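Values below: every heavy atom of this structure, side chains too, minus hydrogens, waters and symmetry copies. Worth saying up front: this structure is predicted, and the values here are computed from it rather than measured.
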Amino acid sequence: MNIFLAMIPAFFWGTTYAMTQFTLPDWPPLLLGAIRALPAGLLLLALKPSLPNKTDWPVLIKLGAINIALFFSFIFIMALTLPSAISGVGMVSVPVFAMLFHWVVSKKRPSTLQAGFGAVLVILAWMLFDPSAISLNPIGLLAMLAAISCIIVGSTITKALGTRIHWWTVLTWQLIVGGVLLSIAAAIHSLFSPEQYFAAIQGFSMENAFGLGWIIMLNTVLGYIMYVWLLQRMTVVDFTFGGIANPVAGIVSGMVLLGESFTPHQYLLMASMILASIAPTLIQIIRKK
């Protein structure tokens with residue numbers, strides 16, 4: 001049941017790319033990140049006030065920097081530079097990087113099943129992102145790799161906390177800390193590129209408001225409440241199984257909102273990547289039954 005619940009935040013996160021391009025196409029990524037994080041964190045603080053212990057601040061600052069400030073920045077760079085479907089499908093490679101990370105750092109050797117499907121996923125990704133077949137912004141691709149790294153490191157830190165800090169406190173304060181860091185970064189950036197910020201403010205529309213509402217309330221408040229709550233009740237690997245909804249949402253929202261289209265071969269590669277990413281967990285579940 002938890003796996004299906006994990007699909008809900010994954011679905012909304014998958015719509016981030018298309019929703020940003022559709023409603024907030026010219027907004028600076030740092031500004032988008034700050035607006036996404038800080039209001040959501042303050043709303044959660046108002047709903048259920050909490051104050052961390054002095055000993056908890058270092059880890060919360062670390063989580064705020066990795067899970068929110070850096071991750072949100074990379075996500076919005078991806079949203080503004082890559083097709084929605086490519087962003088969503090590319091993120092299904094998280095299990096492969098998580099497997100390698102835990103192998104190197106935690107000395108947890110992957111099973112033959114995980115390693116085999118990981119290799120398949122790498123080959124499929126290489127075929128999908130082949131420069132001779134599709135033109136993709138290299139900055140967006142680098143942002144994708146950086147965002148994947150943030151997910152793995154941030155999820156590992158969050159999982160290690162267990163119940164030492166209440167999950168609501170973890171969520172609330174990492175959003176606030178990350179939002180403050182992003183606000184400072186956006187303020188500094190605006191000094192060097194003020195035209196982007198003036199254009200966003202002066203041209204503010206109902207379409208912008210809808211996009212911000214979607215990103216703040218659904219992608220962030222709802223999505224992250226479910227994310228932290230579920231992550232403390234299931235493994236990171238199992239949580240990534242629910243992530244199948246992310247690329248599906250990316251593909252569908254890209255088609256509906258942006259009119260994105262790819263060749264049948266490219267759609268086949270996308271579908272194969274999604275299946276390869278969940279196959280190890282699916283097979284394990286079937287074997288246990």
Side-chain angles (χ1 to χ4, degrees), residues 3-4 6-25 74-100 113-148 151 211 214 218-219 223 237 239-286:
I3 291 177
F4 293 104
M7 290 183 179
I8 296 175
F11 175 84
F12 285 120
W13 291 339
T15 65
T16 301
Y17 318 108
M19 186 60 69
T20 301
Q21 286 191 43
F22 185 69
T23 62
L24 305 156
F74 296 137
I75 283 295
F76 283 119
I77 291 173
M78 289 169 55
L80 296 170
T81 57
L82 295 175
S84 174
I86 293 297
S87 294
V89 172
M91 294 300 282
V92 303
S93 58
V94 168
V96 175
F97 287 90
M99 178 181 66
L100 294 174
L113 189 66
Q114 291 174 322
F117 278 103
V120 170
L121 194 56
V122 170
I123 294 171
L124 291 171
W126 182 268
M127 295 171 65
L128 178 62
F129 298 147
D130 182 2
S132 64
I134 186 171
S135 178
L136 297 172
N137 190 317
I139 294 177
L141 293 176
L142 288 174
M144 180 187 293
L145 291 174
I148 289 172
I151 290 176
W214 181 281
L218 297 179
N219 290 23
V237 176
F239 185 84
T240 58
F241 181 76
I244 186 175
N246 189 309
V248 172
I251 294 170
V252 173
S253 60
M255 292 174 61
V256 173
L257 297 179
L258 305 174
E260 292 179 355
S261 62
F262 299 89
T263 65
H265 176 67
Q266 289 169 331
Y267 279 123
L268 179 61
L269 288 173
M270 292 180 192
S272 299
M273 284 183 66
I274 294 172
L275 291 175
S277 71
I278 65 172
T281 305
L282 184 60
I283 291 174
Q284 287 176 2
I285 293 173
I286 294 173

Taken in chain and number order and not counting sequence neighbours, the residues that satisfy side-chain hydrogen bond (donor to acceptor under 3.5 Å, both in side chains) with T263 are Q266
*asked:* Is the shortest side-chain heavy-atom distance between L145 and F97 below 4.5 Å?
replied: yes
request  = Report, as yes or no, whether the 6.0 Å neighbourhood of atom CD1 on I139 holds more than 12 heavy atoms from other residues, nucleotides or ligands.
outcome  = no
Taking every heavy atom of M144 against every heavy atom of M78, the minimum-distance pair comes out as CA-SD, 3.5 Å
So ring pair (Phe, Tyr, Trp, His ring centres under 6.0 Å) across residues 114-139, not counting sequence neighbours, yields none
**Study point:** Flag, side chain of N219 to backbone of F12, donor-acceptor distance under 3.5 Å
**Key:** yes
Exactly one of V120, L124, I123 clears side chain to side chain contact (heavy atoms under 4.5 Å, CB included) with M273, and that residue is L124
For S277 and V92 the tightest heavy-atom approach is CB-O, 3.5 Å
d(I274 CD1, L121 CG) to nearest 0.5 Å is 10.5 Å
Between S253 and G14, the two heavy atoms sitting closest are OG-O, 3.9 Å
Taking every heavy atom of V122 against every heavy atom of V96, the minimum-distance pair comes out as CG2-CG1, 4.1 Å
Any non-hydrogen side-chain atom of L24 less than 4.5 Å from a side-chain atom of F76?
no
Over 12 foreign heavy atoms within 6.0 Å of CZ, F11: no
Practice task
Determine whether Y17 and L82 make a side-chain contact, defined as any pair of heavy atoms from C-beta on separated by less than 4.5 Å.
Solution key: no
In this structure, CG of D130 is separated from CG of L136 (nearest 0.5 Å) by 10.0 Å
Taken to the nearest 0.5 Å, the spacing of N246 CG from M7 CE works out to 11.5 Å
Rounded to the nearest 0.5 Å, the CE atom of M127 sits from the CD1 atom of I134 at a distance of 13.5 Å
For a quick test of your reading: what N or O donor-acceptor pairs under 3.5 Å do the side chains of residues 83-91 make, sequence neighbours left out?
residue	atom	partner	partner atom	Å
S84	OG	G250	O	2.7
S87	OG	P83	O	3.3

Heavy-atom nearest pair, A18 first then L258, reads CA-CD1, 3.8 Å
Value for OG1 (T16) from CD1 (I75), rounded to nearest 0.5 Å, stands at 7.0 Å
Q) Would you say the side chain of F74 lies within less than 4.5 Å of the side chain of I148, judging by non-hydrogen atoms? A) no
